[in-house]
A.B. asks: 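If you scroll down you'll find the structure; I have some questions about it.
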Amino acid sequence: MEHQLFVFPGNEDFSEKLLLHKGFHRGEMTLRRFPDGESYVQIRSEVAGRHVAFLCTLHQPDEKILALYFAAKLAKQLGAKSVTLLAPYLAYMRQDKAFHPGEAVTSDAFAQLLSNWFDALVTVDPHLHRHHDMSEIYSIPARVLHAEPLIANYIKNHIHRPVIIGPDAESEQWVAAIARQAGCGFLVLKKERLGDKEVRVSLPNAEKFRGHTPVLVDDIISTARTMIETIEHLHDAGTKPPVCIGVHGIFAGEAWQDLKNAGVEKIVTSNTIPHPTNGIDVSGLLVEQLGQGIAG
Ligand code: R5P
């Protein structure tokens with residue numbers, strides 16, 4: 001299936017890789033702000049009768065969401081056959097329950113919003129925790145791609161005597177799978193979140209892996225507190241400085257600098273969110289998915 005690809009600002013590098021694939025044709029659009037801060041959207045390519053895809057990774061989502069809505073609605077008004085969202089990072093997956101009375105469960109509300117605007121969604125490793133499948137909250141086909149084999153490859157090819165460290169009990173399944181594919185051992189931490197910027201982490205049996213390179217793997221690095229707490233335990237246990245790998249490097253505020261200051265050998269992220277730490281290219285996963293039908 002051929003798609004007209006419209007690219008939101010910040011996704012240009014990623015889009016260049018997609019556009020190498022014959023299934024994608026570059027669509028021209030103008031996005032800008034009026035002086036009063038309102039969004040202006042113009043689609044300049046023919047979309048009538050065509051499948052349209054918008055590439056818009058969704059970190060800092062509140063800044064993008066309205067323009068995304070205007071663009072999706074406009075594509076439909078102009079006669080697009082289908083409108084798909086390619087969001088390598090999908091936002092609003094973490095508040096998946098009301099932790100305190102009166103809180104909005106934004107994962108569900110955001111899913112309803114996108115399901116109303118798009119015909120399909122493709123994303124990479126969304127933070128599925130209390131929800132186990134996207135279909136629990138998305139009413140459109142929502143295709144999930146996994147960075148796991150790419151991370152395992154990176155570890156195999158770049159890291160000497162790795163041992164993989166997972167941040168919490170829920171990570172065990174995917175950390176174990178990465179360790180299996182990379183041919184190394186793994187440990188899983190016990191983590192307690194005390195607030196937005198505070199987590200308590202404990203690391204059993206770290207001494208066993210003193211001669212190894214610890215590789216911290218997490219789906220999201222946001223404040224980096226989870227990784228920093230873990231690194232402190234690794235230091236106490238006398239291990240080597242770790243390599244930190246995140247699928248989605250959000251790096252809120254000073255997180256990148258804080259993590260560097262914590263004493264790491266290297267920080268590596270995938271390119272779902274553009275950042276200087278990007279070292280794992282996941283664009284091929286989307287291209288592969290395209291081959292099988294974008295949301296099929
Ligand atoms: C949470 O369950 C996730 O898997 C990550 O551990 C978390 O999002 C990391 O956040 P932060 O970098 O703010 O500690």
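For ligands, and for the atoms within them, numbers begin at 1 and follow the listed sequence.
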A.B. asks: Among Asp218, Thr226, Ile221, whose heavy atom sits nearest atom 6 (O) of ligand 1?
C.D. replies: Asp218
A.B. asks: Taking both backbone and side-chain atoms of Asp196, is any N or O found less than 3.5 Å from an N or O belonging to ligand 1?
C.D. replies: no
A.B. asks: Of all the non-hydrogen atoms in the protein, which one sits nearest to atom 11 (P) of ligand 1, and at what distance?
C.D. replies: Thr223 OG1, 3.4 Å
A.B. asks: Measure from the side-chain N and O atoms of Thr30 to the backbone N and O of Gln42, and report whether any donor-acceptor pair falls under 3.5 Å.
C.D. replies: no
A.B. asks: My understanding is that only one of His51, Arg50, His25, Lys22 makes a side chain to side chain donor-acceptor pair (under 3.5 Å) with Glu2; could you say which?
C.D. replies: His25
A.B. asks: So, are Asp119 and Lys76 salt-bridged, with charged N and O less than 4.0 Å apart?
C.D. replies: yes
A.B. asks: Of the backbone atoms (N, CA, C, O) and the side-chain heavy atoms from C-beta on, which set of His127 has a member under 4.0 Å from an atom of ligand 1: side chain, backbone, both, or neither?
C.D. replies: side chain
A.B. asks: Quick one: does Ala224 get an N or O within less than 3.5 Å of an N or O on ligand 1?
C.D. replies: yes
A.B. asks: Heavy-atom count check: over 12 atoms from other residues, nucleotides or ligands less than 6.0 Å from Lys17 NZ?
C.D. replies: yes
A.B. asks: Give me the residue, atom name and distance of the protein heavy atom closest to atom 10 (O) of ligand 1.
C.D. replies: Arg193 NH2, 3.4 Å
A.B. asks: At a 4.0 Å threshold, what atoms of ligand 1 neighbour a non-hydrogen atom of Ile220?
C.D. replies: 5 (C), 7 (C), 8 (O), 9 (C)
A.B. asks: Mark yes or no for whether His248, through its side chain, and Val124, through its backbone, hold a donor-acceptor pair below 3.5 Å.
C.D. replies: yes
A.B. asks: One pair to check against side chain to side chain donor-acceptor pair (under 3.5 Å): His131 and Asp108. What are the steps and the verdict?
C.D. replies: CA-CA 10 Å; His131 298 303; Asp108 298 29; 3.0 Å; yes
A.B. asks: What part of Asp168, side chain, backbone, both or neither, has a heavy atom within less than 4.0 angstrom of ligand 1?
C.D. replies: side chain
A.B. asks: Would you check, one step at a time, whether the test side-chain contact (heavy atoms from CB on, under 4.5 Å) holds for Val52 with His3?
C.D. replies: CA-CA 5 Å; Val52 163; His3 277 85; over 6 Å; no
A.B. asks: Tell me whether Arg94 reaches ligand 1 (any heavy atom closer than 4.0 angstrom to a ligand atom).
C.D. replies: yes
A.B. asks: Taking 4.0 angstrom as the limit, do Arg130 and Glu136 come out as a salt bridge?
C.D. replies: no
A.B. asks: Could you tell me, atom by atom, which parts of ligand 1 come under 4.0 Å of a heavy atom of Asp219?
C.D. replies: 3 (C), 4 (O), 5 (C)
A.B. asks: Work out whether the distance between some heavy atom of Glu229 and some atom of ligand 1 is less than 4.0 Å.
C.D. replies: no
